Amino acid sequence: MRKIKNRIENPRPGEYIILYIHRHWIVLLWAVLKFLFLATLPIIFISLINVQQAVDWQGFSGLIIILGSSIYYLFTWLLLFNKLLDHFLDIWIVTNERVINIEQLNLFRRNVAEKQLDKMQDITIVQNGMLQTFFNYGDIYIQTAGHVERFIFKQVPNPKNITSSIMDAVERYRIKYDSSHTPKPAPQDNKK
Amino acid sequence: MSIQFSFFLGIYIITLIIIAIIASFNIYHLVKFGKNSKGSNLLIVLYLIGTLLIIAATFFFLQNIDMKQSLDLFNNNSTNILNF
């Protein structure tokens with residue numbers, strides 16, 4: 001059970017976090033590997049032209065190569081930072097009351113959707129491909145009743161465990177609120 | 001027509017400013033939505049350190065270049081502007 005303070009906005013009384021989920025770490029690793037590959041490209045290019053002694057490092061060609069490489073590295077570093085930010089700010093939270101889906105789509109677009117647990121209708125797990133199978137991560141589709149038709153937990157680790165936890169939470173929620181909302185019989189007036 | 005090398009340095013600095021503006025938006029989102037967690041703070045610090053290292057390396061390599069040199073364009077006597 002995680003502390004709810006500072007984790008979600010406007011927590012309800014008695015609410016606690018059951019699951020606090022980010023995407024699987026392999027998604028980050030793939031982004032880092034792509035960055036490392038892109039980072040080696042200028043080095044290879046400069047090495048190739050330097051071998052031919054074709055660059056005057058104190059002249060115009062050297063200036064352009066240095067400034068161009070610097071801008072290239074700054075942009076790829078910024079792209080990696082953006083990817084890490086996206087990973088960090090995409091969060092799926094399951095509490096004992098609701099499911100919250102927070103997605104940072106781009107720099108100025110953020111989606112936050114939440115649904116009561118009793119509105120969960122159907123949960124589907126999709127694991128495609130070798131990587132998702134070996135590293136045990138995938139997408140979880142939660143069909144809901146209402147305006148937001150479904151939530152998608154993207155590239156989350158241990159989807160089966162998450163699904164079980166959500167279904168347990170839904171069951172406990174329904175038991176809790178079904179028992180407290182059971183209507184009592186109206187008092188009968190026997191006075192004549 | 002001749003262009004001083006410092007002109008290209010000026011273009012580079014303008015590019016730096018643009019990147020800084022974009023990065024500041026990212027940092028703003030991270031500070032606002034990251035809830036001051038250790039992960040978000042670490043991410044910001046690592047990004048800033050990486051950026052400063054790239055800029056420092058750039059100016060380290062640029063120190064051997066005299067920015068007062070000029071690039072001669074459209075000069076009939078010039079052979080190759082890239083000195084290749």
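Computed from a prediction, not measured in an experiment: that's the story for all the values here. Chain naming here is simple, since letters A, B, ... match the order of the sequence lines and numbering starts at 1 in each.
- Remark: Trp30(A) CH2 is loosely packed, at most 12 non-hydrogen atoms of other residues, nucleotides or ligands lying under 6.0 Å away.
- Under a hydrophobic-cluster definition in which Ile, Leu, Val, Met, Phe, Trp and Tyr are linked whenever side-chain heavy atoms come within less than 4.5 Å, directly or via other members, Phe5(B) and Phe60(B) are assigned to the same cluster.
- Aromatic pair Phe60(A)/Phe8(B): centroids less than 6.0 angstrom apart.
- Against chain B, the residues from residues 67-86 of chain A that qualify, each with a non-hydrogen atom under 4.5 angstrom away, are Leu67(A), Ser70(A), Ile71(A), Tyr73(A), Leu74(A), Phe75(A), Trp77(A), Leu78(A), Phe81(A), Asn82(A), Leu84(A), Leu85(A) in number order.
- Residues Phe88(A) and Leu105(A) fall into different hydrophobic clusters, defined by Ile, Leu, Val, Met, Phe, Trp and Tyr side chains chained together at heavy-atom separations under 4.5 Å.
- Of the atoms belonging to Thr15(B), it is side-chain heavy atoms, and not backbone ones, that fall under 4.5 Å from chain A.
- When Tyr47(B), Phe25(B), Tyr12(B) are compared by the number of non-hydrogen pairs under 4.5 Å with chain A, Tyr47(B) comes out ahead.
- Under a hydrophobic-cluster definition in which Ile, Leu, Val, Met, Phe, Trp and Tyr are linked whenever side-chain heavy atoms come within less than 4.5 Å, directly or via other members, Ile14(B) and Leu63(A) are assigned to the same cluster.
- Of the two parts of Ile11(B), neither the backbone nor the side chain holds a non-hydrogen atom closer than 4.5 Å to a non-hydrogen atom of chain A.
- With values rounded to the nearest 0.5 angstrom, Ile66(A) atom CD1 is found 10.0 Å from Gln63(B) atom CD.
- Around atom CZ of Phe35(A), more than 12 heavy atoms belonging to other residues, nucleotides or ligands sit under 6.0 Å away.
- The hydrophobic cluster containing Ile17(B) also contains Phe59(B), counting ILVMFWY residues as joined when their side-chain heavy atoms lie under 4.5 angstrom apart, directly or transitively.
- Both Leu33(A) and Phe135(A) are members of a single hydrophobic cluster when ILVMFWY side chains are connected at heavy-atom separations under 4.5 Å.
- Here the straight-line distance linking atom CZ of Phe33(B) with atom CD of Gln104(A) works out to 6.0 Å at 0.5 Å rounding.
- A donor-acceptor pair is defined here as one N or O able to donate and one able to accept, closer than 3.5 Å; such a pair exists between the side chain of Gln69(B) and the backbone of Gln58(A).
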